[in-house]
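Heads up: numbering here begins at 1 and tracks the sequence. Please read all numbers here as calculations on a predicted model, not as lab measurements.
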Amino acid sequence: MAAGGIRARKGRRAWVRRAVTGLVVLAVLPFVLTFLYILPFMHPVSTLMLKDLVTFQGYDRQWVTLEEVAPPLLHSIVMSEDGQFCSHYGVDLRELGAVIDDAMAGEATRGASTITMQTVKNLFLWHRPLGTVRKVIELPLAVFFDLVVPKHRIMEIYINIAELGPNIYGAEAAARHHFGKSAKNLSRREAALLTAALPNPILRNPAKPSAGMRRIANIIERRAQRAGDYVKCLK
């Protein structure tokens, strides 16, 4: 074989080795970072925040502890996004089963993402495209994350990396941006409006809610007042 051909084969093999090594590193990284993120002084960023940095847009995020967030906001998020947060193991099997049944029956499916699933997605995964592929990776990651990280810390990470406006992340930055106050001083209504924005924070503005958004906030506010044992792991 000519020297040029040998070099080409070696070059291809080297490229394959580098690609495999890169994939292994990407696969292992979330598990390594999970143990680091248990530490209270670690302030992780989301993949969307990294995208904002890479594209030179920048972002606003001010880290706060759960104790620095108004309880109505925590209650609103749990009762709206994941009522079984304190009792499941990262994945709500009952909700997931219902979604699968709906899909098998050809019916429209609803979301079944728990707060833990949303947290691992925000920390480690992409948002679009290939949502189905991402969900397959997201499920075992959520179970592992929930096994390793205490519920209190999962919620603390979530409320500091959730997108709540264009380049706005976390409860504190969102409260200051939309209402001109700290997250600790949010009213029940303001907490409900912030929570109502979570599914689509780019189009939904808590400071200028549409009629539909106000109706959603009304429901969230009523549910939050009945949080009770649903938020026992956050006390």
Side-chain angles (χ1 to χ4, degrees), residues 46-49 51-52 59-61 69-70 72-85 88 90-92 94-96 98-100 102-103 107-135 138-139 141-142 154-175 177-179 183 186-227 230-231:
S46 70
T47 52
L48 283 178
M49 294 162 75
K51 178 186 73 68
D52 288 346
Y59 63 82
D60 185 9
R61 193 276 294 274
V69 175
L73 180 58
L74 302 179
H75 299 174
S76 295
I77 290 172
V78 170
M79 298 305 288
S80 175
E81 296 293 299
D82 184 4
Q84 301 306 313
F85 174 69
H88 64 58
V91 176
D92 189 335
R94 185 172 60 181
E95 281 296 312
L96 184 62
V99 169
I100 293 173
D102 288 345
E107 299 177 7
T109 58
R110 59 187 183 277
S113 288
T114 64
I115 287 172
T116 312
M117 290 168 65
Q118 293 179 52
T119 301
V120 298
K121 178 187 72 174
N122 289 339
L123 286 175
F124 307 127
L125 303 174
W126 64 94
H127 288 241
R128 297 183 182 88
L130 301 176
T132 303
V133 175
R134 188 204 68 224
K135 193 68 80 174
E138 187 179 302
L139 289 171
L141 262 181
I154 292 174
M155 178 59 80
E156 184 171 273
I157 293 173
Y158 176 80
I159 63 158
N160 280 288
I161 63 172
E163 187 180 24
L164 283 163
N167 311 111
I168 304 294
Y169 297 90
E172 184 68 15
H177 175 79
H178 293 297
F179 301 117
L186 289 170
S187 67
R188 288 178 178 175
R189 184 61 178 174
E190 290 162 344
L193 286 168
L194 274 182
T195 303
L198 279 169
N200 197 339
I202 303 302
L203 296 181
R204 295 183 180 182
N205 185 342
K208 299 177 181 178
S210 64
M213 190 174 174
R214 288 196 295 271
R215 285 194 295 271
I216 294 170
N218 289 339
I219 296 171
I220 292 173
E221 190 173 354
R222 288 196 297 270
R223 289 178 178 174
Q225 293 181 55
R226 301 193 300 269
Y230 289 104
V231 293

Closest heavy-atom contact between [X] and [Y]?
X	Y	answer
P201	P166	O-CD, 4.2 Å
S76	A224	OG-CB, 3.5 Å
A196	A217	CB-N, 4.4 Å

Worksheet item: Does the pair D60 and N167 meet the rule for a side-chain contact (heavy atoms from CB on, under 4.5 Å), with working shown?
Response: CA-CA 6 Å; D60 185 9; N167 311 111; over 6 Å; no
Contacts of [X] that satisfy side-chain hydrogen bond (donor to acceptor under 3.5 Å, both in side chains) - sequence neighbours left out:
X	answer
E81	Q118
D82	H88
E190	K181, S187

Give, for atom [atom1] of [X] and atom [atom2] of [Y], the distance between the pair rounded to the nearest 0.5 Å.
X	Y	atom1	atom2	answer
R61	E172	CZ	CD	11.5 Å
T119	I157	OG1	CD1	7.0 Å
I216	L193	CD1	CG	10.5 Å
M213	I220	CE	CD1	8.0 Å
W126	L48	CH2	CG	13.5 Å

Discussion item. Hydrogens and angles aside, do K135 and S113 bring a side-chain donor and acceptor to less than 3.5 Å of each other?
Written reply: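 Judged by distance alone, the side chains do pair up.
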Worksheet item: Hey, mind stepping through H75 and Y230 against side-chain contact (heavy atoms from CB on, under 4.5 Å) and telling me if it holds?
Response: CA-CA 8 Å; H75 299 174; Y230 289 104; over 6 Å; no
Practice prompt. Would you confirm whether E138, through its side chain, and K121, through its main-chain N or O, come within 3.5 Å as a donor-acceptor pair?
Written response: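 The answer is no, because no donor-acceptor pair under 3.5 Å joins these two groups.
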Worksheet item: Taking the side chain from T114 and the backbone from G90, do they hold a donor-acceptor pair closer than 3.5 Å?
Response: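 Yes.
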[X]: side chain to side chain contact (heavy atoms under 4.5 Å, CB included) partners, not counting sequence neighbours:
X	value
R215	A211
A142	V91, T116, M117, V120
A174	L164, I168, H178, L194
M155	L66, L74, I77, V78, F85, I115, Y158, I159, L234

Discussion item. For a side-chain contact (heavy atoms from CB on, under 4.5 Å) check, start with the C-alpha distance between L186 and F179, then their side-chain angles and the critical distance, and finish with the verdict.
Written reply: CA-CA 8 Å; L186 289 170; F179 301 117; 3.7 Å; yes
Worksheet entry | L125 and L141, any side-chain heavy atoms less than 4.5 Å apart |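 A side-chain contact under 4.5 Å exists here.
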Worksheet item: What residue pairs, at least two apart or across chains, pass salt bridge (charged side-chain N to carboxylate O under 4.0 Å, His left out) with a residue in residues 193-212?
Response: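 Every pair satisfying salt bridge (charged side-chain N to carboxylate O under 4.0 Å, His left out) with a residue in residues 193-212: there are none.
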Fill in: Residue pairs passing the salt bridge (charged side-chain N to carboxylate O under 4.0 Å, His left out) test where at least one lies in residues 218-227, sequence neighbours excluded
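As it turns out, the salt bridge (charged side-chain N to carboxylate O under 4.0 Å, His left out) pairs with a partner in residues 218-227, which skip direct neighbours, are R189-E221.
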Practice prompt. Check whether more than 12 heavy atoms from other residues, nucleotides or ligands sit under 6.0 Å from atom OH of Y59, and answer yes or no.
Written response: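 Correct, the count exceeds 12.
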Worksheet item: Under the salt bridge (charged side-chain N to carboxylate O under 4.0 Å, His left out) test, which residues partner E163, sequence neighbours left out?
Response: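 Result, salt bridge (charged side-chain N to carboxylate O under 4.0 Å, His left out) vs E163: none returned.
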Fill in: Sequence-distant partners of R188, salt bridge (charged side-chain N to carboxylate O under 4.0 Å, His left out), two or more places apart
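With sequence neighbours excluded, R188 shows a salt bridge (charged side-chain N to carboxylate O under 4.0 Å, His left out) to no residue whatsoever.
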